[in-house]
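Every number for a ligand or one of its atoms is a count from 1 in the order of the listing.
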Amino acid sequence: LAERLQGTISKLRGKGKVTETDVKEMMREVRLALLEADVNFKVVKQFISTVKERAIGQEVLKSLTPGQQVIKVVNEELTNLMGGEQSKIAVASKPPTVVMMVGLQGAGKTTTTGKLANHLRKKHNRNPLMVAADIYRPAAIKQLETLGKQLNMPVFSMGDQVSPVEIAKNAMEKAKEDHHDYVLIDTAGRLHVDEELMNELEEIKELTSPDEILLVVDAMTGQDAVNVAESFNERLGITGVVLTKLDGDTRGGAALSIKAVTDTPIKFAGMGEKIDALEAFHPERMASRILGMGDVLTLIEKAQTNVDEEKAKELERKMRSNELTFDDFLEQLEQVKSMGPLDELLNMMPGAGKMKGMKNIQVDDKQLGHIEAIVKSMTKAEKEDPSILNASRRRRIAKGSGTTIQEVNRLIKQFGEMKKMMKQMAGMQGKGKKKGGFK
Ligand code: GDP
Ligand code: MG
């Protein structure tokens with residue numbers, strides 16, 4: 001999706017204003033991109049018409065190029081499509097709050113039950129009881145019990161010879177007795193939606209009157225996830241969705257369609273197998289992710305007020321051709337410093353999240369002073385070609401700048417990483433275009 005959009009966007013770049021034809025052309029690409037990302041076609045159709053209307057009717061802001069303007073609308077509408085604001089988990093007026101976890105087999109219900117228990121304790125200071133009500137899948141009970149042990153949190157189970165409804169009933173009593181404020185019921189799944197399962201889930205629902213029925217769906221299943229969501233919603237009336245396995249190489253289309261089709265918010269995102277890999281779902285971040293551009297818009301806004309366009313172009317050219325010198329590095333750090341915390345800014349850069357080297361490049365203001373001193377102690381030749389910096393030169397620089405040899409080494413290493421990363425990034429953004437502004 002990202003690539004396709006980037007291509008279209010770059011076509012619009014450099015134009016003075018958006019015409020209706022531009023928008024139409026761009027929307028054709030967006031439409032294809034969304035379909036390719038496995039977004040439901042009805043959803044796509046609605047989406048495109050909304051964006052078209054907004055994009056064509058809008059006055060062109062001075063600070064944004066037409067391409068950026070359209071992206072902004074696309075981004076905002078994607079965010080709206082996924083629910084706009086972030087949505088929180090229910091809290092019952094009278095505890096315990098009952099949360100039923102439902103979904104197909106392998107979607108991540110049991111894992112998410114553990115993650116959610118951990119989240120509720122850690123973030124909300126709650127005391128949840130996990131309930132093992134999947135008696136069908138071999139080792140499902142054991143799996144939840146293991147999670148409970150790992151977290152040192154209680155799991156209610158009665159083995160696999162008692163019906164799930166009976167288990168739920170007993171669990172509710174136990175929860176009241178032990179003053180748990182949340183009850184998380186891990187139910188069984190099937191490979192496909194079937195009557196027997198739905199009947200059982202309905203019975204549990206009837207008996208426990210859940211405050212929240214969370215449908216757990218595997219983001220990797222794309223369009224199927226939407227059908228599943230629709231079926232579960234029809235029978236049970238889900239109140240929220242947890243989208244798991246978003247850490248994988250998913251296309252994100254499911255996230256878009258599910259909210260639109262079921263009209264229930266996505267509340268959490270599963271970002272890995274580990275117990276703490278659960279995040280509140282942020283629609284605007286997902287929109288950016290789907291667009292594959294990081295928080296490009298914010299970055300554009302910040303950059304435009306702070307960075308001199310000409311310099312940025314020159315810098316970009318150097319990034320692309322890998323001619324970046326220490327002087328550029330320093331200059332960029334200084335520019336960036338005027339925009340806000342550096343690591344925050346780096347996170348907003350497209351594709352940065354994917355790059356491992358990124359984590360090592362964290363600079364605070366004090367360090368920046370040291371970096372400046374180090375760079376200034378270099379000769380012109382050294383700045384341009386760090387590979388000539390042997391041990392004795394490094395020692396000299398450390399002395400000259402009043403820093404340590406370790407700091408000098410670290411900076412040289414970071415610079416190398418940054419250079420590598422910038423080259424990668426330039427490569428990513430540079431596909432199919434020659435010119436472009438700093439983003
Ligand atoms: P259930 O059948 O719905 O209870 O699914 P499980 O909780 O047993 O999860 C099925 C598999 O998916 C397990 O191997 C989990 O570790 C894995 N899984 C669950 N959530 C995530 C996630 O957010 N990311 C990744 N990468 N794996 C996950
Ligand atoms: Mg399970």
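- Taking a cutoff of 4.0 Å between a charged side-chain nitrogen and a carboxylate oxygen, R235 and E195 qualify as a salt bridge.
- Protein atoms of type N/O/S that fall under 2.8 Å from the Mg ion (ligand 2) number 1 in this view.
- From the protein, the heavy atom lying nearest to atom 16 (O) of ligand 1 is E273 OE1, 2.8 Å.
- Of all the atoms in ligand 1, the ones that sit under 4.0 Å from a non-hydrogen atom of R137 are 1 (P), 2 (O), 5 (O), 8 (O).
- Considering backbone and side-chain N/O of K245, one or more are found under 3.5 Å from N/O of ligand 1.
- At least one donor-acceptor pair closer than 3.5 Å links the side chain of T239 to the backbone N or O of I213.
- You'll find the side chain of I412 reaches within 4.5 Å of the side chain of L389, heavy atoms only.
- For the pair G106 and ligand 1, the shortest N or O to N or O distance falls below 3.5 Å.
- Of all the atoms in ligand 1, the ones that sit under 4.0 Å from a non-hydrogen atom of G270 are 23 (O).
- Considering backbone and side-chain atoms alike, K109 places an N or O below 3.5 Å from some N or O of ligand 1.
- Heavy atoms of K115 found under 4.0 angstrom from ligand 1 belong exclusively to the side chain.
- Residue contact check for ligand 1: G189 places no non-hydrogen atom closer than 4.0 Å to it.
- Protein heavy atom in closest approach to atom 4 (O) of ligand 1: T110 OG1, 2.7 Å.
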| Between L116 and M101, is a side chain to side chain contact (heavy atoms under 4.5 Å, CB included) present by the stated rule, with each step listed? | CA-CA 10 Å; L116 190 56; M101 313 293 288; 4.1 Å; yes
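- Within a 6.0 Å sphere centred on NE2 of H124, other residues, nucleotides and ligands contribute more than 12 heavy atoms.
- Residue-ligand proximity, Q143 to ligand 1, at heavy-atom distances under 4.0 Å covers atoms 6 (P), 7 (O), 8 (O).
- Numbered from 1 in the order shown, with element, the atoms of ligand 1 that lie under 4.0 Å from a heavy atom of L104 read 3 (O).
- At a heavy-atom cutoff of 4.0 Å, ligand 1 is contacted by no atom of L246, backbone or side chain.
- Ligand-side atoms of ligand 1 in range of M271: 23 (O), range being under 4.0 angstrom from any heavy atom.
- The proximity of D247 to ligand 1, defined as any non-hydrogen pair under 4.0 Å, is limited to the side chain.
- Within 6.0 Å of CZ in R121 there are more than 12 heavy atoms belonging to other residues, nucleotides or ligands.
- Every atom of ligand 1 with a heavy atom of Q105 under 4.0 Å away is listed here by number and element: 2 (O).
- Assignment of G103 to the shell around ligand 1 is not supported, since no heavy atom sits closer than 4.0 Å.
- Judged by distance alone, with hydrogens and angles left aside, the side-chain atoms of K267 form no donor-acceptor pair with the main-chain N or O of V242 at under 3.5 Å.
- At the top of the distance list for atom 22 (C) of ligand 1, counting protein heavy atoms only, stands G272 O, 3.2 Å.
- With respect to atom 6 (P) of ligand 1, the closest heavy atom belonging to the protein is T111 OG1, 3.4 Å.
- Of the protein's non-hydrogen atoms, G108 N, 3.0 Å is the one closest to atom 5 (O) of ligand 1.
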